[in-house]
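To keep things clear, I will list the structure first and then write my remarks on it.
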Amino acid sequence: MLHTMEITTSKRDELRDITREVISYVKKSGVQNGIIVVYCPHTTAGIAINENADPDVKHDVLMRLDEVFPWEHPNYRHAEGNTAAHLKSITAGPSQSIIIHEGALLLGRWQGIYFCEFDGPRRRQCYLKIVEG
């Protein structure tokens with residue numbers, strides 16, 4: 001089972017909570033036990049699992065990533081001018097695997113799944129693949 005999720009981002013840097021969409025897909029699949037892989041096929045975006053209770057966490061994460069990887073740097077060579085987005089994407093990583101147990105995602109109490117946009121706004125895709133077991 002492979003599902004393509006369409007995501008539209010509205011900012012250059014954005015952590016978009018996609019937890020509900022992933023949960024919905026798992027429920028529709030009927031799979032009770034297995035793993036879902038959430039994969040991002042873009043070099044300037046990623047997938048992360050982190051706190052989704054306090055919106056200030058998203059702010060703080062994006063602020064710190066901007067400090068570590070500034071948008072402009074005198075030694076960047078990449079012609080497109082989005083080296084910072086590539087570095088942030090490497091940091092976030094392209095995918096997350098989440099256990100499905102008894103039809104539910106095994107996420108911690110405060111955890112959510114995020115599509116991490118670092119070069120928006122854009123229309124993006126994210127793939128969901130369930131492996132039963």
Side-chain angles (χ1 to χ4, degrees):
M1 304 171 151
L2 179 68
H3 175 69
T4 303
M5 183 190 313
E6 298 291 331
I7 298 170
T8 301
T9 60
S10 60
K11 301 174 187 167
R12 182 177 73 192
D13 292 294
E14 180 178 347
L15 299 182
R16 169 105 183 279
D17 188 346
I18 60 171
T19 310
R20 287 184 183 170
E21 292 97 324
V22 176
I23 289 171
S24 175
Y25 179 66
V26 169
K27 287 185 188 284
K28 286 179 189 173
S29 77
V31 171
Q32 292 299 299
N33 295 291
I35 292 177
I36 185 163
V37 177
V38 183
Y39 174 72
C40 170
H42 304 287
T43 61
T44 56
I47 304 293
I49 294 176
N50 212 297
E51 180 175 333
N52 69 350
D54 181 352
D56 287 337
V57 172
K58 292 191 305 187
H59 169 272
D60 294 350
V61 167
L62 291 174
M63 176 193 68
R64 193 68 180 106
L65 283 171
D66 278 343
E67 290 172 0
V68 174
F69 305 114
W71 195 255
E72 294 182 22
H73 189 283
N75 295 328
Y76 286 161
R77 292 183 175 184
H78 184 48
E80 290 181 32
N82 61 354
T83 296
H86 289 284
L87 295 168
K88 292 174 186 180
S89 173
I90 289 168
T91 301
S95 66
Q96 294 290 325
S97 299
I98 304 106
I99 296 169
I100 302 167
H101 179 69
E102 297 178 356
L105 295 180
L106 281 186
L107 289 171
R109 169 182 248 163
W110 309 114
Q111 287 182 321
I113 305 164
Y114 289 94
F115 182 86
C116 307
E117 174 64 76
F118 301 121
D119 195 20
R122 292 181 186 243
R123 286 188 47 81
R124 303 282 202 169
Q125 292 79 40
C126 176
Y127 297 109
L128 307 179
K129 174 73 173 175
I130 294 177
V131 181
E132 291 188 70

Could you state whether [X] and [Y] fall into the same hydrophobic cluster, counting links through intermediate Ile, Leu, Val, Met, Phe, Trp or Tyr residues with side-chain heavy atoms under 4.5 angstrom apart?
{"X": "Val37", "Y": "Ile100", "result": "no"}
{"X": "Val57", "Y": "Phe115", "result": "no"}
{"X": "Trp71", "Y": "Leu62", "result": "no"}
{"X": "Ile35", "Y": "Ile23", "result": "no"}
{"X": "Leu128", "Y": "Ile49", "result": "yes"}

All side-chain hydrogen bond (donor to acceptor under 3.5 Å, both in side chains) counterparts of Thr19, not counting sequence neighbours: Asp17
Check [X] against [Y] and note the closest heavy-atom contact, atom names and distance.
{"X": "Cys116", "Y": "Ala48", "result": "SG-CB, 3.7 Å"}
{"X": "Val26", "Y": "Gly103", "result": "CG1-O, 3.8 Å"}
{"X": "Val22", "Y": "Met5", "result": "CG2-CE, 4.1 Å"}
{"X": "Ser95", "Y": "Ile47", "result": "CA-CB, 4.1 Å"}
{"X": "Phe118", "Y": "Ser89", "result": "CD1-N, 3.7 Å"}
{"X": "Gly46", "Y": "Cys40", "result": "N-SG, 3.9 Å"}

Qualifying residue, where the test is side-chain hydrogen bond (donor to acceptor under 3.5 Å, both in side chains) with Arg124 and the options are Thr44, Asp119, Thr8, Thr9: Thr44
Would a 4.5 Å heavy-atom cut-off, applied to side chains only, mark [X] and [Y] as touching?
{"X": "Asn50", "Y": "Leu15", "value": "no"}
{"X": "Ile113", "Y": "Leu105", "value": "yes"}
{"X": "Trp110", "Y": "Asp54", "value": "no"}
{"X": "Asp13", "Y": "Leu65", "value": "no"}
{"X": "Arg16", "Y": "Glu21", "value": "yes"}

The single option from Val61, Asp60, Val68 passing side-chain contact (heavy atoms from CB on, under 4.5 Å) against Arg64: Val68
Test log, rule side-chain contact (heavy atoms from CB on, under 4.5 Å), inputs His42 and Gln125: CA-CA 8 Å; His42 304 287; Gln125 292 79 40; 3.7 Å; yes
Greater than 12 external heavy atoms within 6.0 Å of Leu106's CG: yes
Glu6 CD: over 12 foreign heavy atoms closer than 6.0 Å: yes
Can you tell me how far apart [atom1] ([X]) and [atom2] ([Y]) are? Round to the nearest 0.5 Å.
{"X": "His101", "Y": "Gln32", "atom1": "NE2", "atom2": "CD", "value": "10.0 Å"}
{"X": "Lys28", "Y": "Ile130", "atom1": "NZ", "atom2": "CD1", "value": "11.5 Å"}
{"X": "Ile36", "Y": "Gln96", "atom1": "CD1", "atom2": "CD", "value": "12.0 Å"}

Main-chain N/O of Gly133 paired with Asn33 side-chain donor or acceptor, under 3.5 Å: no
Aromatic ring pairing Tyr127/Tyr39, orientation class (parallel under 30°, perpendicular over 60°, tilted between): parallel
Stepwise side-chain contact (heavy atoms from CB on, under 4.5 Å) test for Val38 and Ile18: CA-CA 10 Å; Val38 183; Ile18 60 171; 4.0 Å; yes
Results of side-chain contact (heavy atoms from CB on, under 4.5 Å) for Leu87 - residues two or more places apart only: Phe69, Tyr76, Thr83
Salt bridge present between Lys11 and Glu117 (N-O < 4.0 angstrom): no
Residues Glu51 and Gln111: side-chain donor-acceptor under 3.5 angstrom: no
